[in-house]
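The first residue in the sequence is number 1, and the count goes up from there.
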Amino acid sequence: MWLYYMDEFVEVDCGGLSLLECALAKAGEAGCRASRACLWDGVVEIFCAGGGAAKLLPTPQALYQYYQHQDEARCLEGLN
């Protein structure tokens, strides 16, 4: 899996965590306090309180596909 945050891709290991749990954990480690999460086809976008977002992706190339389909994502509000 890959975490995209602050214009950088970092390869991450999710261990046995679900995609959402992994995205929340890795975004938190990167300094993002989650306020909202959106899920679409293996991509999890974590919106950070105060601005910005982190994305957990199966591959770096999935970012482009996500941007084309992010209006189809299911979102969870009020995570902080």
Side-chain angles (χ1 to χ4, degrees):
M1 298 298 295
W2 293 85
L3 184 73
Y4 180 73
Y5 183 60
M6 304 282 287
D7 296 325
E8 285 188 42
F9 285 101
V10 178
E11 194 166 14
V12 296
D13 180 9
C14 290
L17 298 175
S18 72
L19 288 178
L20 180 58
E21 290 170 331
C22 183
L24 288 168
K26 298 304 178 183
E29 289 172 14
C32 170
R33 197 177 86 236
S35 62
R36 178 178 179 217
C38 294
L39 299 86
W40 175 82
D41 196 26
V43 174
V44 181
E45 182 170 20
I46 303 295
F47 291 87
C48 309
K55 295 162 192 70
L56 185 69
L57 310 153
T59 65
Q61 295 78 15
L63 183 63
Y64 176 73
Q65 293 170 322
Y66 175 68
Y67 282 142
Q68 290 184 315
H69 297 278
Q70 70 188 118
D71 59 326
E72 300 168 16
R74 293 178 301 120
C75 296
L76 308 167
E77 305 287 339
L79 295 178
N80 55 348

**Request:** Any chance you could measure Tyr66, atom OH, to Glu45, atom CD, to the nearest 0.5 Å?
**Result:** 3.5 Å
**Request:** Output the distance between atom CD (Gln68) and atom CG (Leu63), rounded to the nearest 0.5 Å.
**Result:** 10.5 Å
**Prompt:** How many angstroms lie between atom CD of Gln65 and atom CH2 of Trp40, to the nearest 0.5 angstrom?
**Reply:** 5.5 Å
**Request:** Kindly work out whether a path of hydrophobic side-chain contacts (I/L/V/M/F/W/Y, heavy atoms less than 4.5 Å apart) joins Val12 to Ile46.
**Result:** yes
**Request:** State, to 0.1 Å, how close Ala49 and Ser35 come at their nearest heavy-atom pair, and which atoms those are.
**Result:** N-OG, 3.9 Å
**Complete:** What one should report as the nearest heavy-atom pair of Ala53 and Tyr5 is O-CD1, 3.3 Å
**Asked** Nearest 0.5 Å, what's the SG-NZ distance between Cys14 and Lys26?
**Response** 6.5 Å
**Transitive ILVMFWY side-chain link Leu3 to Met1, under 4.5 Å** = yes
**Asked** Which pair of non-hydrogen atoms, one from Arg36 and one from Cys75, has the smallest distance, and what is that distance?
**Response** NH2-SG, 3.4 Å
**Cluster link Val43 to Trp2, ILVMFWY, side chain under 4.5 Å** = yes
**Request:** Indicate the atoms forming the closest heavy-atom contact of Leu56 with Leu19, along with that distance.
**Result:** CD2-O, 3.5 Å
**Message:** Can you tell me which residue among His69, Gln70, Arg74 is in a side-chain hydrogen bond (donor to acceptor under 3.5 Å, both in side chains) with Glu72?
**Reply:** His69
**Message:** Test of understanding: clusters of I, L, V, M, F, W, Y form through side-chain heavy atoms closer than 4.5 Å, transitively. Do Phe47 and Met6 belong to the same one?
**Reply:** no
**Message:** Membership question, hydrophobic clusters at under 4.5 Å side-chain separation (ILVMFWY): are Leu57 and Leu39 in the same one?
**Reply:** no
